[in-house]
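Indexing begins at 1, ligand by ligand and atom by atom, following the structure's order.
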Amino acid sequence: MANVTVIGAQWGDEGKGKIIDWLSNRAEMVVRFQGGNNAGHTIVVGDKTYKLSLLPSGVVQGKRSIIGNGVVVDPWSLLDEIARVGAAGLAVTPSLLVLAENACLVLPLHRELDAMREEAAAQKIGTTKRGIGPAYEDKVGRRALRAIDLKDLASLPAKIEKLSAHHNVLRRGFGHAEVDAAALLASLKEVAPKLAPFIGSSWRELHGAKLAGKRVLFEGAQAVLLDIDHGTYPFVTSSNTVAGQAAAGAGVSPRDIGTVLGIVKSYTTRVGEGPFPTEQKNEVGEKLGERGHEFGTVTGRKRRCGWFDAVLVRQTCITGGVDGIALTKLDVLDGFKQIKVCTSYRLDGQMLDYLPADATQQARLEPVYETLDGWSETTAGARSWAQLPANAIKYVRRVEELIGAPVALLSTSPDRDDTIMVRDPFV
Ligand code: IMP
């Protein structure tokens, strides 16, 4: 199988949506393998803009799309999204979308717990409050409801009771009312028949695709620095976001995830709390944010902005399993006289070429920068190397050198066609 797995290589929001959309044009099946509706992709096709959250980007191209078992699925949110894209002219039917039967569900009680914790915490994580963390906790705690349960309504009351017993203890601790089990059952019964036609087997679909020699695109959400193991813990999301998760979260062999493409923004952003060594709380950060339209797709929050951090991306290419990168939003750097790139950190008089695992050390890192000359010309909309200013090419080459991974794609605007392919990830 000539497959491709796409992951974010910074803190998310690297512009995965556009690259995934571009690649899904060339794939025959598209699969989400982790995360939930905390993710947000904006896809621009001609004069239409689609905001996707749970739906794999393949739906926009009419490609068979799978929400894999590694995803946590909020049934109400999924149905809303299907209705929303339906109103924009995109019919998501069971012949287009499969929801893995063994995917765990995000319920209102998860969203409520997420919000209660964020509001009560002295040190907030800055979650999207979509209930993602609590849903994964219940999955690992072996008390979650799964998509398949929506096909066996008679089994729901006992499962809800088991889950409620756990949550009621937590809710009492927060001074919150207990779970209304009857209301939850009623609302699950309402959505169950709407979702049932989509429920199927991720691994069998993918095995069939493999036998038929189909090209599959595995679509990651969030990014390696938000990975539960490899990210800036505890300021992370609750799933593994590295490429290896594509296998576990969809039900395929690790050998079948194909080429791993890491999406990398030409500078750095982060939403939510947590360390960010190259953050620019000044006019540079403001300019990057304004020019890059750095507001969250899901929550609308303003993103924190800073210079490119090559130390981090070098590390995420290693831990994420990245073969090559897609460099995005180069045009946001147009017009900067000088551009800084972080090449190492200073910590207590020592130089580090990696991100230490300790959160307090991470917060104390001093970035060491290399300064490159900027360019005054525009790179926006460039579709070939020949259209790029010499200093922009130098910047890209220096990034490749510092992170130890080649640039396979270069994206120069949100438009699907403004993409320079250096190496075909599907080959
Ligand atoms: P959660 O995934 O909602 O639990 O949030 C945990 C952390 O991950 C917070 O810092 C969020 O801002 C961040 N996060 C979750 N999803 C995304 C995303 O799609 N893009 C960027 N950050 C995200």
A.B. asks: Just to be sure I read this right, does ligand 1 sit under 4.0 Å from the backbone of R130, its side chain, both, or neither, counting only heavy atoms?
C.D. replies: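 Within the 4.0 Å criterion, R130 makes no contact with ligand 1.
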A.B. asks: Can you see whether D309 engages T278 through a side-chain donor-acceptor pair at a distance of less than 3.5 angstrom?
C.D. replies: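 No pair is found: no donor N or O on one side chain lies under 3.5 Å from an acceptor on the other.
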A.B. asks: Near I125, which atoms of ligand 1 are under 4.0 Å from a heavy atom of that residue?
C.D. replies: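 Listed by number with element: 10 (O).
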A.B. asks: Suppose I only count heavy atoms of V236 and a 4.0 Å limit; which atoms of ligand 1 are within that range?
C.D. replies: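 What qualifies from ligand 1 is 6 (C), 7 (C).
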A.B. asks: Quick one: does ligand 1 sit under 4.0 Å from the side chain of W11, the backbone, both or neither, non-hydrogen atoms only?
C.D. replies: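 Within the 4.0 Å criterion, W11 contacts ligand 1 through backbone atoms alone.
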A.B. asks: Quick one: do the S413 and D415 side chains pair a donor with an acceptor below 3.5 Å?
C.D. replies: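 Side chains of S413 and D415: no pair found under 3.5 Å.
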A.B. asks: Under 3.5 Å, is there a donor-acceptor pair linking the side chains of T419 and K18?
C.D. replies: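 Result is yes, a qualifying pair exists.
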A.B. asks: Distance only, no hydrogens: is a donor on one side chain within 3.5 Å (strictly under) of an acceptor on the other, for Q222 and N38?
C.D. replies: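 Looking only at side-chain atoms, N38 and Q222 do form a donor-acceptor pair, the distance falling under 3.5 Å.
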A.B. asks: Do NZ/NE/NH1/NH2 and the carboxylate oxygens of D114 and K129 come within less than 4.0 Å?
C.D. replies: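 No, this pair does not count.
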A.B. asks: Is the shortest N/O to N/O distance between R270 and ligand 1 below 3.5 Å?
C.D. replies: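 It does not: no N or O of R270 is found under 3.5 Å from an N or O of ligand 1.
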A.B. asks: If you measure from each non-hydrogen atom of L226 to ligand 1, which part falls under 4.0 Å: side chain, backbone, both or neither?
C.D. replies: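 The side chain, only.
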A.B. asks: Provide the number and element of each atom of ligand 1 under 4.0 Å from a heavy atom of V271.
C.D. replies: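 Per the distance check, 10 (O), 12 (O), 21 (C), 22 (N).
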A.B. asks: Does some non-hydrogen atom of G126 fall short of 4.0 Å from ligand 1?
C.D. replies: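 G126: in contact with ligand 1 (<4.0 Å).
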A.B. asks: Does any N or O atom in Q222 lie less than 3.5 angstrom from one in ligand 1, N or O only?
C.D. replies: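 Between Q222 and ligand 1 (N or O atoms, distance only) the closest approach is under 3.5 Å.
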A.B. asks: Does either side chain, that of T378 or that of D334, offer a donor lying less than 3.5 Å from an acceptor on the other one?
C.D. replies: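 T378 vs D334: donor-acceptor pair found between side chains.
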A.B. asks: One residue to check: D114. Relative to ligand 1, which of side chain, backbone, both or neither has a non-hydrogen atom less than 4.0 Å away?
C.D. replies: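 It is neither; nothing of D114 touches ligand 1.
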A.B. asks: Does A39 come within less than 4.0 angstrom of ligand 1, counting non-hydrogen atoms of the residue?
C.D. replies: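 Yes.
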A.B. asks: Could you tell me if T343 and E370 have a donor-acceptor pair between their side chains, going purely by distance under 3.5 Å?
C.D. replies: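 Absent: no donor and acceptor within the cut-off.
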A.B. asks: Numbering the atoms of ligand 1 from 1, which are under 4.0 Å from a heavy atom of R301?
C.D. replies: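 Close to R301: 11 (C), 12 (O).
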A.B. asks: Could an N or O of ligand 1 be found under 3.5 Å from any N or O of D13, whether backbone or side chain?
C.D. replies: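 Yes, there is a polar N/O contact under 3.5 Å.
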A.B. asks: Considering non-hydrogen atoms of the protein only, which is the closest contact for atom 5 (O) of ligand 1, and what is the distance?
C.D. replies: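 Among all protein heavy atoms, the one nearest atom 5 (O) of ligand 1 is T127 CA, 3.3 Å.
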A.B. asks: Answer with yes or no after comparing the ring centroid distance for F235 and W11 against a 6.0 Å cut-off, counting only values under it.
C.D. replies: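 F235 vs W11: aromatic centres not under 6.0 Å.
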